[in-house]
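Chain identifiers are assigned alphabetically (A, B, ...) following the order of the sequence lines, protein sequences preceding nucleic acid strands; residue numbering begins at 1 within each chain. Quick note: numbers below take in every heavy atom, side chains included, and nothing from hydrogens, waters or symmetry partners. Keep in mind that what you see is a predicted model, and the values were worked out from it rather than measured.
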2 protein chains.
Amino acid sequence: MTTETSPYTVQQEKMARYAKALSHPARLFILEFLDKQSCCFVGNIVDELPMAQSSVSQHLKELKDAGLIQGTVDPPRVQYCVNRKNWSEAKALFSEFFEVESMV
Amino acid sequence: MTTETSPYTVQQEKMARYAKALSHPARLFILEFLDKQSCCFVGNIVDELPMAQSSVSQHLKELKDAGLIQGTVDPPRVQYCVNRKNWSEAKALFSEFFEVESMV
DNA sequence: ACCCTTTATCGTACATTTGCGATAAACTAT
DNA sequence: ATAGTTTATCGCAAATGTACGATAAAGGGT
């Protein structure tokens, strides 16, 4: 097993991963919705989006895999919340990225 | 022809588009590189990345299509720079998204 | 045990992304 | 005209993303 070394910085790799998670309007909607409600059930999100339940579930999985949200089971429901730690990390990465010269 | 109305806000659509452009480490590298040099030729970027010239050109096209960079021809070369106007817009969108407070 | 509710996962289909080599295009210089 | 330099585009292949319906899984309540 060879250790693949990326030609990119850790920050670039991490930020690209977060950016990919943010690259679909439905996922942005979910994150903003979660942030507003500070945690809610999958059903609440499904009700708000014009797509099948399975599709919403898939978007939630991607957000979870990216570390931006976390879920806790409350049978038979699942409650999702923003993962504040990683949210902060993402925020810092984007902030640093855009701040290179001068803002606004 | 029916006018497709998106269920998402304009901000969400715009931000998703920018996020997609930022979702590859090579494109983050290019943007940071351009910002550091404030404009440079395609060849300079190709020299810095471990991928074929055609692949770099494709990434540049995506960044250009997303509005984050702009190119001016200086035959036979092409010079690319960050599109400051859209860069600011993207920054504002991400900033607002990540916190109603402040991004710093 | 049996249903009911809720969510995740599977299988499928189609579109998009990513990377490459080869080639075209645009312009300079000789 | 010809050759050289630089970049964009094409054609291809493999991988990934997106959406759906159907089904499985995990409990709770009766």
Any chain of hydrophobic side-chain contacts (each under 4.5 Å) joining B:V46 to B:F41? no
Between atom NZ in A:K61 and atom C1' in D:dC20, what is the gap in whole Å? 18 Å
How long is the line joining CG of A:L49 and C1' of D:dA19, in whole Å? 13 Å
For A:H59 and D:dT16, give me the distance from atom NE2 to atom P, rounded to whole Å. 18 Å
To check you understand the geometry: which heavy-atom pair defines the closest contact between A:Y18 and A:E89, and what is its length? OH-OE1, 2.6 Å
Run the numbers on B:Y8 and A:L28 for side chain to side chain contact (heavy atoms under 4.5 Å, CB included), then give the verdict. CA-CA 9 Å; B:Y8 307 109; A:L28 294 178; over 6 Å; no
Protein-nucleotide distance (A:E62, atom CD; C:dA8, atom C1'), rounded to Å: 14 Å
Those residues of residues 65-80 of chain A lying under 4.0 Å from DNA chain C by at least one heavy atom: A:P76, A:R77, A:V78, A:Y80
Are a donor atom and an acceptor atom from the side chains of A:Q11 and A:E96 found within less than 3.5 Å of each other? no
Between P of D:dT5 and CG of B:N44, the distance in whole Å: 17 Å
Just call it for A:K20: base, sugar-phosphate, or nothing, with non-hydrogen atoms closer than 4.0 Å on any strand. sugar-phosphate
Using a heavy-atom cut-off of under 4.0 Å over every strand shown, decide if B:Q58 touches base, sugar-phosphate, or nothing. base
A:H24 NE2 to C:dA15 C1': how many Å, rounded? 12 Å
Donor-acceptor pair present, A:Q53 side chain and C:dA8 base, under 3.5 Å: yes
Taking the side chain as C-beta and beyond, is there a heavy-atom pair between B:F97 and A:D35 under 4.5 Å? no
Do the non-hydrogen side-chain atoms of A:L34 and A:C81 ever get within less than 4.5 Å of each other? no
Spacing between B:F41 atom CZ and D:dT6 atom C1', to the nearest angstrom: 11 Å
For A:Q70 and A:V82, work out which heavy atoms get closest and say how close. NE2-O, 3.8 Å
So does B:S55 get a side-chain nitrogen or oxygen closer than 4.0 Å to the phosphate oxygens (OP1/OP2) of C:dC20? yes
note: A:I30, atom CD1; C:dT7, atom P; distance rounded to Å ~ 13 Å
